[in-house]
Each structure stands twice: as structure tokens, then as C-alpha cells.
Asker: 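To start, I am sharing the structure in question, which I have written as C-alpha cells.
Here is how names work: the chains are called A, B, and so on, in the same order as the sequence lines, proteins then strands, and each is numbered from 1.
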Amino acid sequence: MDMTMKRLSGSLLPVLVLGVMLVSMAAHAQTPAGTTIRNQASATFEDLIGNTYMATSNEVTTVVLPVYGVSVLPDDSGENPPLVPAMSQNAIPGQTVYYSYMMTNTGNDVDTYSLEPLLDAVNTTMTLGIGDITIYHDVNGNGVLDGGEPVISAGGVPGNLGPVNAGATVSLLVSCQVPGTASAGEVAYVGMQATSAGDPAQIDTRNYHLTTVVADATLTASMSGLPANVDPGNTVTYTISGANVGSDIAHGVTGASVGLTGVLIHDILPVNPSTSQPLALSGAPAGAPAGGTVLYLPTGSPTAGSPETWAWSAAAAAGDIAIAYITNGDLAIGQNYSFTYDLAVPADMPAGIINNDGAVAFIDNNVATPDPTIVTTNNTQINVNVLADILVGPNGVPGAGTPPLYNDDVQAVALAYANTTVDFVNTVQNDGNAVDEINITLNPASTIPGGWSVQFFRSDGVTPLADTGADGIPDVGLVNPGATRDFIVRIIIPGAAAAGGPYLAVVEAISANNPAVSNLTTDEITQVNPAAVDIGNYDGVPGTNNVPVNQNADPGVDVDFALDVINTGGSIDSYSLSSAVPGGWTVTFYEDTNGNGVLDVPELTPIASIGPVAAGGEVNIIARVSVPGGEAPGVNNTTFRATSQNNPAIFDEIANTVTVNTAASVTIVPDRNGTATAGGTIRYTHTVTNTGNVSDTFLLSFVSSNGWGYSFFDLLNNPIASVILNPGVSEDVVVQVSIPGGVPIGTVETGTITVTGQATAATDNAIDVTTIVAGNLVLTKSVIPAGNQLPGTELTYRTDYSNVGTAGLTTIVLYDAIPAWTQYRVGSASVGTLAPGIVGITIEFSDDGGTTWVYVPVSGGGGAPVNFDANVTNIRWVFNGTLAGGAGSVDGPSFIARIIAE
Amino acid sequence: MRRSLSAAVLVVVLAVASSAAFGQEPKLVGEMEAQKIVLDGENHEIAVPADRVYPRDTVEYTLRYRNSGTAPASGVSLVGPIPQGTAFLDESATEVRGATPLFSIDGGKTYREAPVTYVVVNEHGEREIRNATPEMITHVKWMINGALDIGQELTVSYRVQVK
């Protein structure tokens, strides 16, 4: 058959070959009916990083059904009449003859048999009917009908015998009486058949024996063995006995080797199947009638031919293969004989049946028949009891341990790690004398912690021990006497296992033949090391640097710590990453995949854990620490922790530090401008902010373009020279400019206001521009649109004026500058609506910052876009007329400037 | 007496695949089926359930393994034991993906390709190499070439005869 061919359930495929095994298996004992055949497949496989996994299949079970069979022995040779009868006996008229048969249940289940006698009437010359034949159950198997042994079939009516266990053999006696009127030479062919009740097609028939009527000596012969059930190491007493039930003297044979003549009662001794040696004689054999001699057949002697020709010896020797008793002369009519001897059943004798039969040899008085006449006894069966004995021990040493219990043997693994599996190979030996199914259990003396797992596997390491015996306990299967079987005790240590030990798996092997018989062995894990991890600073080589590292940083910047994480445990593990940093700080972890200690662009994916890391393996990570802006200078603890995911109680830390640099900084905003009159004052409000990370006293100072006087106040109008600010704190200060009297109108004062940290020298300044105007002219400047604007936006600046005094103001000139980053829109300058008293306003342009006022704007001037002129720097409106006291504009002069966009 | 035999211990330390937190991993799910092989009137084989059998019946064990995990499995080995009460039927183990079945006669400790041989020392003290009989087979094993991808399935079978 092409075995690569895929077979499908229910599909039909031609059968070419399948039968060779059927023949070879026929000789083997059948599997008992009701046996459950269990099978379970297993698979091992790996993932991409080499982790090994195992998967077992479901268990399939198949129950063995009963088959029936019967065998009756001995058989005849099959002809009518048989050339070789099953057995033959001579008998005198009126003698009752007994023939021993052995019937065996050759099926695999208990069965009952119908027994009935057979008579070959055609070839039987004796006057005998089927109803004259009786079948008995020879309960003790001694070949003799004893009191109480039951009749199975009588009067030719079949009878039942059973139940008989599978494989068991029972002894039968088939009996009939030779008619008293029979004449010498008459014969009878009597047989029997047995029919299975479980399967009536199973019949063993014929088994014809031959009884010949003689007028001569006739000896009966039977063998008994006691006890019927014997333990190895004890003795069995066999007795061969009989009598001359014939009508003439039984003469002796002459044992040539010893020169003695007498009736020779003999037995070829049964053998121990485990050694093929004959069972040894024990004690003193005794024969009757007295006066005879016990003979022994030395080892190696042939046993062919007639027994008187064998090399008998009067002296016993070790290894004798047969024993005999030769009477002193003839056996008279009616005289009994017997021969009793003991055989020692060896201690290593397998459980089972000892078959034995004997024979007696004599010479009859009929010269026409061959001599000697040999009468064979029944077969005697002695049952050797099952003695269970189990040894279990470390691999290959099932007998380890201290006698007599052998329970204290230990095999140890010095060190194992959490999240690993330890396999112990144990070997069990059947030291009993019968096939035994050895159960395996974990003895309560074990000290395996909760949460661990102990599993039993066949020696292949993948197939769990099955409960082949269906007794609720897994077993190693049937083990022959003396044979060993390896099995594996697998201890699975969970990832969360703590340090400790020793841990003992006390394994008990228990005989199924006798559950009181067991043996212990101990598989010890001396020490378990838990998951372990070492996190330290990057050192660029295997191992790590556990010395804390400090890094200096300014507030508001990130600091990277390159770290190593090493799996110092014994099994693969992953690690959660965490940190302890000051409040407001953040830490982000990244895997440093190329292990260069630097966070590279491809590595910018944040991680919360790292792994799996093989035992002993090292990975590199980066901890990026974000220092908040304004953080105070000083040393800050930044501790990084890696926590085992196998065992969250296991972690390691590296306690690094970040020293925040001193970073002094201050701002004063905004720049201001305004108008004032000669001899007057003007105040500007500024905000001073400590934008550094240290407190300081910030001194206020000024530089005046005209050498004028400035003074500083707080918002409560108290004079101040400085402000004290903590980091991040602001305070408003008021700058007052004092304009000397007599300053010409139009004078422009530029004041540079400076704040300077007294301790840190951090500094900033603001510019206040003050234009001197006449009297009480107050200018109000506005812009539309207000607020932040995009480049390209056109801004309309308008300045309204009013006379807050009471006297009229004349010779008013209004000055304005084109703001930086803007360009004047040609034609946009407007006089607005003239206030009362003003009769006209002339607009003039300067292209030189107000030095001259003769420029005429042109579209595109100074490289500006069409309609704009970049050359215009200042505009002035020259008023004609008198602005009355209290008068002012509501639509003052204006112009448009565009934010440069190019 | 406490006898330490640590030197004789065979220790197998397997990395236990830890936790789903690691994400992708292969997972093989196996199924075994037992079917009785009988002949119909035309001498064709029919597979019927093998819940119950008679001595000398032929039972076919079919192993189906499927990768129902989230990653390919490599180094896949499938093992089918010969259960107690049965004997392996020669040449009944199928091939799969070019993997020739391997056989063990020592309870699964070692595997060889057929024909499996073993050495005995005869009565003359000479070493003699003998071929193992099918009845000596204790396990059949297939070592699969290549990876078993996600969702892929393997099927192998072998036959035994009930003793």
C-alpha cells in the first residue's frame, strides 16, 4: 500500500496488503474484553524566538469487545478411529477408567461451557452407550475423582461448567466403566466436546481416547500437587499414586544404570520459565511400597526412549531433571503404590501455572504387546501466586534507597529558576513475579508549593501518563516481571515563584496487582531562584554600570539617561518600566534598539515595558526626563525601575540625579511712548517678570537721551529703586519722566529703562519715547484693525488731538512715524475732520527720519509694491489756526501702513 | 541514609512561554481520532468509529494539528504513541510535507527511520544487529519541515492492531 496516500474516513480504497500481522499475533494473549485502549498525541513546536511549547491532543479511547474460544486438550490425531488417541489406557472388565482433560478459555472474556461426552460407536467394540459416560470437574486437578467434585455431564446429557475466566484452564475427568462382561481386546473410543456459551460457534470436539480391555495387570496413575496456590519461595508436594487394578501381577522394569528392577514411578521435573532450570528437590522423597529406591536423573541426561533406559542415579545432585521411585520387585494385584516428593518454588518464579505430570512404567504379562507399559498421570496445575514488588528511583536506578524499604532515595537539581520547567527522569521496576500495571502518584509528603504543577509523562516527555488500568490513577502501563520503565516527573515552576527550597516531589509507584505495595522516590529542587533583573547605567559593553549618574540641565529642557536592563533571572522575562521623579517632571522610555546609548530618530516610539529578554540577556533603553521650565536649581532624584512581569514583586532601580542649573532671567515690557509738555511729567507703566529660576532683587535704572530725570514708583505710588521677585513672579512698576521747563515743542526724549538682577546680573530693558508738545495738547493714537495681524494687512493709524487746557493752542504740528516693518500707502495720509478753530492742515513727508520734510511719496517708492512707498519714514501735519481750550478732534489725522509681506 | 544522585539527573529546562503580554505566539491545537478499518463485501476499506473493537481489529489513529495562534510555529514535531494492548502495523504511518515517519522502540527516548535496528549480544558474545519488529514500536514521530503558518493544519495517521 502506498502509505503516502491520504486515507479519508468512509472512503473506499482497495486493500492490497494487510494480513501479515494477523498471523503473527495469533500466538499472543488477547487483550481482555472491556479493556480501554487510550491514546493521546502530542506536538512540540517553537515560536520565532525559540520558546518551546507543547500541545497534547484529546485522548481517544477504544473499548475491546469480547471474543470467545475454547480449547480441550489433549487432542486425538483426527482419524476415525484416531491413529493417535488423545490418551490410552488398558483396563480389565468392570474397571472404571478416568481420563484427565484440560479445558482452556481461549477467549478474552469470562465464559461458560457446555460439556458433553462423545462416543465413536462405529469403532467401539465394547458394549458402551453414551449414557454410560460421565464428565466431572476435577476441581483440585489431581487426576483423581475426589469426594465432592461435581458431575458436569451424566447420562449423555450435556452440562454446563463456568464461569471460566479468560485464559483460565480447568481440569476435567471423563469416566466410564468397562462392562464386566467385556473380553480382552475390546476397545472403546470416548471423547468429549466443549461449546462456548458466549459464542456457540466456538466448539472443541473429538478428543477421543482409547480404552483397551485386557486380562492383565493394569495400573492407575494420578498426580496431585499441594498446595494448589503457592507463593514463590515455598514448596509444592507432589504425589504420584495408583494401584494395580488389573487381574494379574505388574512386573518391574530394570533400570540399567542402577541395576534395580521394579515398577518405575517417575516425573520429569517442571522448570522455572524464567531460568529454564528444573525446580529443585526439597526434603526426602518417600515411596511405597517400602523397600524401593529413589532415583535421580542428573542434569543434561537424555529423556528419550523408555524411562528404564535413562541414566538414573541413586544419588541426588544439584540440577537433577527427573525423579523416580523404583519398587523392590513386582506389584501384586490390588497393591497400591505412591511416591511423594517436594519441589521448591524459586523466589523468582513468575506468577502463573506450573504444569506437571508423571508416569509409571511396568511390564505386563502379555508377550504380544510392547514393553514396558507406561501409564501417564493427569496433568497437575499449581498456581504460583502473584507477589507484587515495586521499586522506583532515579533514572536507571530503581533500586536506589536504603533497604529494606528503599524509600529514601533522592535525586536533586541544585538550582532552578522561576518560570522554568524541570524534568526528572525516574525509573520504576517491577520486582514482582507477575505483569503489573504500575500506578504513579504524588505522595502527600511532597512539599511542592501551591500554584506549582507536577505532571507525569511517558519517557518520550510529551505523552502524559494515561490511566490504562481505568482505576483512576495514571500508570506507566503493564510492566513485565523484572522489567523497568522510565517516566518523567515534570515540575513547572510558576513565574511568580519566590526564592526558596528545597521543594520535594515525593513520587509513589503503586502496584496495581496489590495496591498495598508501593515504593517512593524523591525528586528535589534544592533551591529556586526567583525572577531577577538588574537595571543600571549604559556602559556600552555586556553588564551595566550601577554607579548613579548625574546630569546637569537647564529648566525646560530634556535630559536623556541611557540605561541597561539585564535579565539576571533564569528564564525569559519582560519588564515594566517606571520612574520616580519630582512632581511636574515627566519621564518617557524608549528602546535603544541599536544599543548605542543615544536616542536616535527611528527609536522615538515610547515604550512602557521592554522584553521578552532571554535569561542572561541585556537590552538597552533611554529614559528621557523632561525638566519643567522654572524648575529651581539643585539636585533632583530621578530613579528608574524595571519590574519583572513574571513576578511583579521583583524589581531593580538605578537612582540617578538631575542637577538643575541656575538660570537667571528677567523681562521688562512693554516699550511705551507718549507726549508731555515742557515742565510737566509723564508716567509709563511696565511689567517686570522674573523669568529665571532664582529669586533676585532687580534694580531699576534709566538712560535719558536728553539727560532728563526719571523716577520709579510702585502701583501704590511709593518710590522704589528695585523689585524683589521670586521665579515666575511679575510686578508692575511705574516710570515717571520729568520734563524740564523750556524744552522746545517737538523735542523727542528716548528713555531706556533697565532692570538688572542684583545677584544674577540678569538684565532687560524697555524703551519709553516721549514727545514734547505744547500746552495741554493730548494726543490719542489708535489703530484699525487692532491686535495681532498677518503680514500684508493694512493698518490705519489715527491720532486724535484735544486741548485739555483752557487757553487756545497755536502752531500745532502733529508728528508721526511709519512703524518698523510697515510701508506707507501713497495718498493715505488724511487731515481728518478739522477741530473747531483749526482752519487747515498741511501734510508733509520725510524720507530721512524727520530731518527734512520735502519728500513726495511715489507708488513703488523704495522698492515697495505698487501704491506703497518704502521711503517714507515720518509724516507731519502742520496745523493752521487756534485750537480753543476744551476743543478736540473726533476724526483726527490718519494714514495707512501695510505690514511688509514680501 | 539520604543518597543524592544529582549527578545522574537529566535536567531539561524549558523556557515556559510566558504570558500573553508578549503578544504574538503560535498555538497548536491537536485532535486525535481513532477509526476502525474494516472491509466491505468488495474488499474495500471502510473507516468506522473505533469506540469498540475486537482483538485483531485494525485501528487507524489520525492526528490533526492546527496552528490557531498568532505567529508561525517552527520545529513542529508530532508524536503518536502505540497504546498498550495494540501493536503498530508496519508501513502504516503516512508521510506529511515530506517528513518521513520516525520510530521509537525505547518508549520515545530515541527515534530512527525505518528499518529500526537494535543490537543484541548473542550467546557467543557477538554483537548482532536485528531488525525491530512492528510490535516493538512504541512511538511514531513526524518532524515537520518548515514553519506551520497561522491557520495551517497538519494531518498524519498510523495504524495499530488490537492484540
Asker: I need the residue from B:V53, B:L78, B:V29 with the largest number of non-hydrogen atom pairs under 4.5 Å to chain A.
Answerer: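 With the most close heavy-atom pairs to chain A, the winner is B:V53.
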Asker: Measure the OG1-NZ distance between A:T35 and B:K163 for me, rounded to the nearest 0.5 Å.
Answerer: 12.0 Å
Asker: Going by heavy atoms in the side chains, are A:R38 and B:P83 under 4.5 Å from each other?
Answerer: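 A:R38 vs B:P83: side chains apart.
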Asker: Non-hydrogen contacts under 4.5 angstrom with chain A: give the residues of residues 99-106 of chain B involved, or none if there are none.
Answerer: B:D106
Asker: For A:N426, is it the side chain, the backbone, both, or neither that has a heavy atom closer than 4.5 Å to a heavy atom of chain B?
Answerer: neither
Asker: Which answer fits A:V462, side chain, backbone, both or neither, if we ask what part of it has an atom under 4.5 Å from a heavy atom of chain B?
Answerer: side chain
Asker: Go through B:V76, B:L28, B:N67 and name the one with the most non-hydrogen pairs under 4.5 angstrom from chain A.
Answerer: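 Heavy-atom pair counts peak at B:L28.
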Asker: Which bit of A:Q40 comes within less than 4.5 Å of chain B, counting heavy atoms only: side chain, backbone, both or neither?
Answerer: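 Just its backbone gets close to chain B.
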Asker: With rounding to the nearest 0.5 angstrom, report the CG to OG1 distance, A:D460 to B:T110.
Answerer: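 A:D460 CG to B:T110 OG1: 11.5 Å, rounded to 0.5 Å.
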Asker: Is there a donor-acceptor contact under 3.5 Å from the side chain of B:Y65 to the main chain of A:A55?
Answerer: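 Yes, because the side chain of B:Y65 sits within donor-acceptor range (under 3.5 Å) of the backbone of A:A55.
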Asker: Is A:N58 in contact with chain B via its backbone, its side chain, both, or neither, using a 4.5 Å heavy-atom distance?
Answerer: both
Asker: Rounded to the nearest 0.5 Å, how far apart are CD of B:E31 and OG of A:S57?
Answerer: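 Nearest 0.5 Å value for the CD-OG distance: 8.5 Å.
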Asker: A:S42 versus chain B, heavy atoms under 4.5 Å apart: side chain, backbone, both or neither?
Answerer: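 Both parts, backbone and side chain.
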Asker: Under a 4.5 Å heavy-atom cutoff, which of B:G80, B:G107, B:P72, B:G75 has the most pairs with chain A?
Answerer: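 Most heavy-atom pairs within the cutoff with chain A belong to B:G107.
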Asker: Determine, stepwise, if the pair A:Y53 / B:K27 fulfils side chain to side chain contact (heavy atoms under 4.5 Å, CB included).
Answerer: CA-CA 8 Å; A:Y53 302 79; B:K27 180 184 180 188; over 6 Å; no
Asker: Answer with side chain, backbone, both or neither: which region of A:T56 has an atom nearer than 4.5 Å to a non-hydrogen atom of chain B?
Answerer: backbone
Asker: Name the option with the most non-hydrogen atom pairs under 4.5 Å to chain A; the candidates are B:W142, B:Y54, B:Y111.
Answerer: B:Y54
Asker: Can you tell me if B:Q84 uses its side chain to pair, donor with acceptor, with the backbone of A:L478 under 3.5 Å?
Answerer: yes
Asker: Select one option (side chain, backbone, both, neither) describing which atoms of B:T138 are under 4.5 Å from chain A's heavy atoms.
Answerer: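 For B:T138, the contact with chain A is made by the backbone alone.
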Asker: Donor-acceptor check, side chain of A:T62 to backbone of B:R52, threshold 3.5 angstrom: yes or no?
Answerer: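 Flag not set: sc A:T62 to bb B:R52 has no pair under 3.5 Å.
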Asker: Just wondering, are more than 12 heavy atoms of other shown residues or ligands nearer than 6.0 Å to CE in B:M143?
Answerer: no
Asker: Specify the closest pair of heavy atoms between A:A41 and B:P81, including all atoms of both residues, with the distance to one decimal.
Answerer: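 In this case the closest contact between A:A41 and B:P81 is CA-CD, 4.3 Å.
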Asker: Just wondering, do A:V63 and B:D51 contact through their side chains at under 4.5 Å, heavy atoms?
Answerer: no
Asker: B:Q152: which residues meet the side-chain contact (heavy atoms from CB on, under 4.5 Å) condition with it, sequence neighbours left out?
Answerer: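 For B:Q152 the side-chain contact (heavy atoms from CB on, under 4.5 Å) partners, ignoring immediate neighbours, are B:R97, B:L148, B:D149.
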Asker: Less than 4.5 Å apart, any side-chain heavy atom of B:P26 and any of A:F45?
Answerer: yes
Asker: What's the verdict on side chain to side chain contact (heavy atoms under 4.5 Å, CB included) for A:N39 and B:M32, showing C-alpha distance, side-chain angles and the deciding distance?
Answerer: CA-CA 8 Å; A:N39 202 8; B:M32 187 179 229; 3.3 Å; yes
Asker: Within the distance-only criterion (no hydrogens, no angle test), does the side chain of A:T31 pair as donor or acceptor with the backbone N or O of B:P55 below 3.5 angstrom?
Answerer: no
Asker: Roughly how far, to the nearest 0.5 Å, is CD of A:E46 from OG of B:S77?
Answerer: 9.0 Å
Asker: Which bit of B:I144 is near chain A, if near means a heavy-atom gap under 4.5 Å: side chain, backbone, both or neither?
Answerer: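 Contact with chain A is absent: no heavy atom of B:I144 under 4.5 Å.
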